[in-house]
Number of protein chains: 2
Amino acid sequence: MMRPTRNGAQLITNTQGSAPGTGPQPADFTDVRATNLAVVLRFVRENAPCSRADIAASTGLNKATVSSLVADLIDRRLLRETGLTENRVGRPATMLVLDGSPYAAVGIEVNVDYLTAVAVDLKGEALLSWRRAFPGGSASSGQAVAGIAGVARRVVTRMTKEARQVLGLTVAVPGLVDLGGSVRLAPNMGWRDVDLAGDLAKALRDPGFPVLVDNDANLGALAELRFGPHGGVRDLVYLTGEIGVGAGIVLDGRLRRGGAGFSGEIGHIEIVPGGPPCHCGRRGCLEVVAGLGALLDRTVPGGVSPAELEPEIDEVVQRAEAGDPVVLDLLDTLAGNLGRGVGIVANLLNPEVVVLGGYYVKLAPWILARAEQEMLGRALAPGGGGCRLVVSGLGYGAAALGAAARVLDSVDSGRLPAPA
Amino acid sequence: MMRPTRNGAQLITNTQGSAPGTGPQPADFTDVRATNLAVVLRFVRENAPCSRADIAASTGLNKATVSSLVADLIDRRLLRETGLTENRVGRPATMLVLDGSPYAAVGIEVNVDYLTAVAVDLKGEALLSWRRAFPGGSASSGQAVAGIAGVARRVVTRMTKEARQVLGLTVAVPGLVDLGGSVRLAPNMGWRDVDLAGDLAKALRDPGFPVLVDNDANLGALAELRFGPHGGVRDLVYLTGEIGVGAGIVLDGRLRRGGAGFSGEIGHIEIVPGGPPCHCGRRGCLEVVAGLGALLDRTVPGGVSPAELEPEIDEVVQRAEAGDPVVLDLLDTLAGNLGRGVGIVANLLNPEVVVLGGYYVKLAPWILARAEQEMLGRALAPGGGGCRLVVSGLGYGAAALGAAARVLDSVDSGRLPAPA
DNA sequence: AGAGTTAGTTCGTCTAACGACCAAACAAAC
DNA sequence: GTTTGTTTGGTCGTTAGACGAACTAACTCT
């Protein structure tokens, strides 16, 4: 059997908050070990249950090496042996699966009116999913930090009761988050320059696990990458459909945050020159012509209150289902503008998939086709360069799920818990 | 002294045309060696002349390891020892520099009317720079391949005469190039689905070095990254200013080509809805409102002929220098539209630098300030998220230079020539 | 001359991948 | 049942190569 080719390889580092410009890191044996442990872990995640022999055959690693790596992963309680295979020629194989019981990854999504917390095990299966009211828009950032920390503590104690070790906590915030986990600007929350990652770590008093903060669209993209139906996709853009619109950009399999961490601000791209004014001070931003604010302003009497977005969207859906021509027309216009934004993304980034998330999911029946058609008509590459426009199937907690996925990603890329 | 932190590391592969979806590659000792050889090579490139001790101190590698790695690189004729240091306390250091003499990297830039070939040594210093007329727009793709191959052969024999081994050849093409080096669409050249990389390799009959093809904007970005004055920048966008406008996108230190290789098609983003028609069939594309066609159509009687772009631009420059209000007004409008395009890039990708290349360089005195102001006014992040708009200093052969740089990049990332 | 300082090499240690071999455990053929 | 073949997974010795410590070399300064 042919061994998979070993190409020229290069080491990359993947930490939030590591000193920039330190240049390329040299490699030593521990890096090889970490890489191979991660390779085996990911293989089992994607092919469980599987045997050591399967791993060796598929990855090209030596059988002896695989045995050693698997033993290490079992020591660290990341893998578990299950039963043997039966009714096959030859010695039966002992099957391996991810051990779901000892660990938890926690994600919290902060929003204007509510707060979602999820915990998942190594397999990505949900352990808990809480959603509660949260006066994010009206509270001070200090109060908000206290509130988030409170929820985080409750999740952690719950996990501890289940005898699980928390591997990490990531918080999703709708706004500009820099690479150190500071929230530079979150207009809807009324935040500016809040060191959320630092403050949370302080509030949790040496939690023993990393606390990270990231943009909600970025984490939505990670959620799609891990939990969505996009097998093997390496280039994906996720769009949040809320009052604001944000993009999470994955290229070559990893989030691309830009120089300062502020990539994905598609909501303030000018789509309609001289169009309606945006709260950001400009006009015709994607957000005001394809966000939900514009839609609800014209369908809901008395304007939009962020705290009651969901029932208002539901009303729009009902009226659309009933065939209300005013609503259908507004949705069509929104879809057209959204498609223009997606067209820009397709031309500039050539992703394989653009995923619509947030409230766009509920509106999909009336906007997806038009938006896709608009995108395809605007992309220079024939057929949009292979770009598909699809709807997220992850529901509301997508960013929270992505926040947990970010913790799992750091495990997958070599940051393993120590053996017992 | 503190040793640089070793973060979790992950192996990535970096070949054009490697089978997709093969998953993460496991690492072995040869990968460690290749990585560290590349680390030393890059360090010397950036810090030459330097001693073994310098390398060890800065990279964190052990002195003994550095000695071994340097010996290997000298065997491969990539490094060379120069004189000793003098007048310093302690034993004098033997200084190391890149060995410029044994190798050459070749880049060829194909254009509608001309063809640029450059060869550089390991240091990136130019060995030759040819520019000759080339009936690209009017010839069949077969004739074009023959023409390019002819130039390539002449460059190779010239290099061979200088006792240099050619490490690789990259060809820059203005158009959509897929990940296998096929030109899918090059409107200005009149090409569609030309397997340029394959055809060239065939025409050169087993050349003994890799032949790659890439988009001109992508390679322009690589040229800026390597030869431009942007030390340490990891997120950069390069804009070609020709009749068409293209973008090369570098995020996290590497080109991001998108799912099919078609990223960077900024020229056909709609900037002015309902604006002037573009040859692509749409209206108001960036290319028609900020490309050179629009400018020249209105300043040069009788329209634009691609073959005579340069003198026509020179005339525009002269009239601008003379204060011609019509020209100044047109340039201001162009700058405004360009700035809107750059604003989109800044919002979506948050690069540290956007570099204007091509003929934008000549026009910079009249467009740079306005375009930057427009971009800054459109970026959501304060101060454009740190994004600067600058002018390329590389001159016309930028894409050809970038094509050669791509060859050097593959060396830098571990694809070293074998020892003698 | 001797002390101090810095550069680079040598040597032994250690990690971890690899190849070859082997025992265990089964199915199928006899 | 016995034998044969197949597959799994482990053991053992080899090997690549990074690392640390000790050592030698070559200079400056006093």
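Among residues at least two apart or in separate chains, there is no ring-ring contact (aromatic ring centres under 6.0 Å, His included) pair with a member in residues 76-101 of chain B.
Using a 4.0 Å cut-off, some side-chain N or O of A:Asn62 falls inside it from OP1 or OP2 of C:dG19. At D:dG10, one or more side-chain N or O atoms of A:Ser67 fall inside 4.0 Å of OP1 or OP2 (strictly under the cut-off). At the phosphate of C:dA7, neither OP1 nor OP2 sits under 4.0 Å from any side-chain N or O atom of B:Thr94.
Residues meeting the side chain to side chain contact (heavy atoms under 4.5 Å, CB included) test with B:Ala64, sequence neighbours left out: B:Asn62. For A:Phe29, the ring-ring contact (aromatic ring centres under 6.0 Å, His included) partners at least two apart in sequence or on another chain are B:Phe29.
Taking every side-chain heavy atom of A:Ala93 into account, D:dG9 is the closest of C:dC26, C:dA17, D:dG9. Distance from the side chain of B:Arg88 is smallest for C:dA7 among the nucleotides C:dG8, C:dC26, C:dA7.
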Where do N or O atoms of nucleotides 1-5 of chain D meet protein N or O atoms at under 3.5 Å, pair by pair?
none

Sort me out a list of protein N/O and nucleotides 13-16 of chain C N/O pairs below 3.5 Å, or just none if empty.
none

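Ion pairing between a basic and an acidic side chain is recognised when a charged N comes within 4.0 Å of a carboxylate O; B:Arg254 and A:Asp252 show no such pairing.
Summarising the geometry, the separation between CG on B:Asp72 and C1' on D:dG17 is reported as 11 Å, rounded to the nearest angstrom. In this structure, the NZ atom of B:Lys63 is 18 Å from the C1' atom of D:dG17, given to the nearest Å. The nearest whole Å value for the distance from the CD1 atom in B:Ile55 to the P atom in C:dT6 is 18 Å.
As judged by a 4.0 angstrom heavy-atom cut-off over every strand, A:Ala64 is placed among the base-contacting residues.
In this structure, a donor-acceptor pair under 3.5 Å is absent between the side chains of B:Ser101 and B:Arg164.
Of the residues A:Arg226, A:Arg42, A:Arg45, the one that meets the salt bridge (charged side-chain N to carboxylate O under 4.0 Å, His left out) test with A:Asp409 is A:Arg226.
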With a 3.5 Å cut-off and sequence neighbours excluded, list the donor-acceptor pairs that the side chains of residues 69-77 of chain A form with protein atoms.
residue, atom, partner, partner atom, Å
A:Asp72, OD1, A:Arg76, NE, 3.0
A:Arg76, NH1, A:Pro417, O, 2.9

